[in-house]
Amino acid sequence: MVKKVELSIVLPVCDEAGNLPELFSRLAAVLRPLTNDYELILIDDGSRDDSWRLISEAARSEPRIKALRFSRNFGQMAALTAGLDLAMGDAIIMMDADLQHPPELLPRLIEKWRGGAEIVNTIRHETGNGNLFKRLTARVFYRLINLFSGLTLPAGAADFRLLGRKAADSLKGFREQARFLRGLVNWLGFRQEFIEYRVDKRPSGKSKYSLRKMAAFSLDGIFSFSVLPLRLAAALGLLVAAASFIYLGYTLYIRFFTDRAIEGWASVLGALLFIGGLQLAFLGLIGEYIGRIYEEAKQRPLYIVRERIGQ
Ligand code: UDP
Ligand code: MG
């Protein structure tokens with residue numbers, strides 16, 4: 001029989017050795033007045049620094065800490081999923097381990113939940129600090145994803161949230177490879193509430209999301225939530241076909257009803273290249289979806305566990 005707890009906190013960790021000691025002490029301080037009945041679930045996602053040593057030491061000396069170590073880096077979404085799979089809490093909080101998600105916000109999350117919310121989301125409050133480029137690209141991304149997917153994600157939605165037991169159990173049922181959790185949580189429904197927070201600076205280490213990783217993550221979001229790109233491609237194809245049909249009528253008219261002749265291999269070549277390019281681009285687009293079907297069809301596990309400490 002597994003022991004239930006009131007609150008689980010899931011923390012994905014990838015090279016956060018410099019942040020863990022402060023994280024542990026700030027979490028303990030915040031949780032003390034809230035509840036005694038909690039568990040911390042730390043997922044070491046292939047760290048190459050001292051993170052696992054710190055996590056396993058903590059887990060050995062504190063029974064409320066559970067530790068899981070992946071066999072390699074599987075990504076933050078996989079780590080969050082592993083945490084969710086382990087969590088026994090009536091409420092589950094997911095947050096970054098780099099202290100950018102301030103532990104001091106936990107009382108407000110829990111207050112909302114105790115007040116009846118089944119999911120409590122957080123939204124980054126736009127402050128002057130932080131990378132301007134990242135903020136701009138994020139804004140464009142949220143416009144696009146909402147447009148394409150029919151989701152209503154607020155700009156600045158973060159992977160810092162509380163899930164009630166029912167929502168968590170529903171989310172556990174999603175075993176797809178492309179895990180855009182923000183979208184999935186939004187899709188779940190339930191009574192969702194939002195609170196704003198200010199992102200703190202990372203005390204130590206740097207962001208694990210390079211521009212390339214961010215772009216891949218954004219594409220995951222769009223392609224796993226929408227077939228609108230395919231529809232747009234089809235619509236554009238029809239449009240070009242209609243235009244060429246009209247043009248054909250025009251050339252026939254010139255040929256039979258005037259004594260002019262239509263000249264120009266340049267325009268023929270231009271049209272040919274245009275259509276050719278369009279076809280290749282749309283093949284690529286279809287390929288993107290096929291690649292994703294292939295990834296999902298393999299049904300590989302989302303993560304591989306190397307070590308585990310605590311029940
Ligand atoms: N993280 C992870 N695996 C990864 C990348 C990140 O477990 O492959 C963790 C990381 O340790 C942190 C959280 O996910 O606790 C958010 O990552 P990061 O701070 O690098 O992202 P950003 O704040 O730049 O969005
Ligand atoms: Mg961070």
Side-chain angles (χ1 to χ4, degrees), residues 8-24 26-27 40-55 58 65-87 92-103 105-106 121-127 129-139 141-142 145 153-161 177-183 197-218 220-221 302-307:
S8 305
I9 299 177
V10 172
L11 300 145
V13 176
C14 179
D15 294 338
E16 305 288 2
N19 297 317
L20 288 175
E22 186 183 336
L23 177 74
F24 290 147
R26 273 170 65 184
L27 275 175
L40 298 188
I41 303 179
L42 289 134
I43 316 296
D44 182 355
D45 183 20
S47 296
R48 274 162 302 179
D49 64 359
D50 252 358
S51 296
W52 178 249
R53 190 179 58 76
L54 292 171
I55 292 172
I65 296 183
K66 292 179 182 174
L68 199 69
R69 187 187 197 186
F70 283 174
S71 60
R72 63 169 169 86
N73 180 269
F74 281 88
Q76 185 190 357
M77 295 299 120
L80 287 173
T81 305
L84 194 65
D85 291 344
L86 274 184
I92 293 154
I93 292 177
M94 304 176 165
M95 62 191 288
D96 288 359
D98 61 356
L99 292 165
Q100 288 197 284
H101 296 163
L105 203 73
L106 263 45
N121 296 294
T122 66
I123 307 175
R124 284 184 293 258
H125 181 71
E126 294 286 351
T127 49
N129 66 24
N131 187 333
L132 180 71
F133 179 72
K134 207 168 170 170
R135 275 189 293 146
L136 282 180
T137 48
R139 201 168 296 172
F141 166 70
Y142 281 108
I145 181 108
L153 287 176
D159 280 308
F160 180 16
R161 66 175 68 84
Q177 301 283 332
R179 307 183 73 71
F180 183 64
L181 280 180
R182 273 159 234 196
Y197 76 102
R198 251 168 230 279
V199 195
D200 287 341
K201 279 220 164 65
R202 247 177 185 277
S204 161
K206 58 177 185 350
S207 169
K208 308 301 175 304
Y209 283 93
S210 59
L211 189 61
R212 235 181 88 198
K213 263 179 126 178
M214 278 310 289
F217 185 61
S218 308
D220 259 5
L302 298 172
Y303 54 85
I304 304 281
V305 175
R306 176 170 169 191
E307 240 176 292

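On a predicted model such as this, the values are computed, not experimentally measured, just so you know. What's counted below: heavy atoms across the whole structure, side chains too, no hydrogens, waters or symmetry copies. Whatever order the structure lists them in is the order used to number ligands and atoms, beginning at 1.
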Checklist entry - Would one find an N, O or S atom of Gln100, in either backbone or side chain, under 2.8 Å from the Mg ion (ligand 2)? => result yes

Next on the checklist: Just checking: Asp98, one of its N/O/S atoms, less than 2.8 Å away from the Mg ion (ligand 2), yes or no?
Outcome noted: yes

What protein heavy atom lies closest to [atom]? Include the residue and the distance to one decimal.
atom                    : answer
atom 4 (C) of ligand 1  : Asp45 OD2, 3.4 Å
atom 5 (C) of ligand 1  : Lys208 CB, 3.4 Å
atom 17 (O) of ligand 1 : Tyr209 CE1, 4.0 Å
atom 10 (C) of ligand 1 : Glu16 OE2, 3.2 Å
atom 23 (O) of ligand 1 : Gln100 OE1, 2.8 Å
atom 24 (O) of ligand 1 : Ser207 OG, 2.5 Å
atom 9 (C) of ligand 1  : Pro12 O, 3.7 Å
atom 18 (P) of ligand 1 : Arg202 NH2, 3.5 Å

Next on the checklist: Any side-chain to backbone donor/acceptor pair from Asp49 onto Ala17? Under 3.5 Å, distance only.
Outcome noted: yes

Next on the checklist: Using a 3.5 Å distance criterion without hydrogens, assess whether the side chain of Asp15 forms a donor-acceptor pair with backbone atoms of Arg48.
Outcome noted: yes

Item to check | Considering all heavy atoms, the nearest Gly18-Ser204 contact | outcome: CA-OG, 3.4 Å

Checklist outcome for this item: Between Ala67 and Ile55, the two heavy atoms sitting closest are CB-CG2, 3.4 Å

Please state which part of [X] comes within less than 4.0 Å of ligand 1, counting heavy atoms only: side chain, backbone, both or neither.
X     : value
Met94 : neither
Gln76 : both
Asp96 : both
Asn73 : side chain

Item to check | Rounded distance [0.5 Å steps], CG in Leu42 versus CZ in Phe24 | outcome: 5.0 Å

Checklist entry - How many angstroms lie between CG in Leu54 and CD in Glu16, if you round to the nearest 0.5 Å? => result 11.5 Å

Item to check | Cation-pi geometry met for Arg72 and Phe74 (6.0 Å, 45°) | outcome: yes

Checklist entry - Is the Phe217 ring parallel, tilted or perpendicular to the Tyr209 ring (thresholds 30°, 60°)? => result tilted

Item to check | Aromatic plane relationship, Phe160 with His101 - under 30° parallel, 30 to 60° tilted, over 60° perpendicular | outcome: parallel

Checklist entry - Does ligand 1 have an atom that lies less than 4.0 angstrom from a heavy atom of Lys213? => result yes

Checklist entry - Polar-atom distance check: Ala79 versus ligand 1, any N or O pair below 3.5 Å? => result no

Checklist outcome for this item: Of Arg202, Lys201, Lys206, the one forming a salt bridge (charged side-chain N to carboxylate O under 4.0 Å, His left out) with Asp98 is Arg202

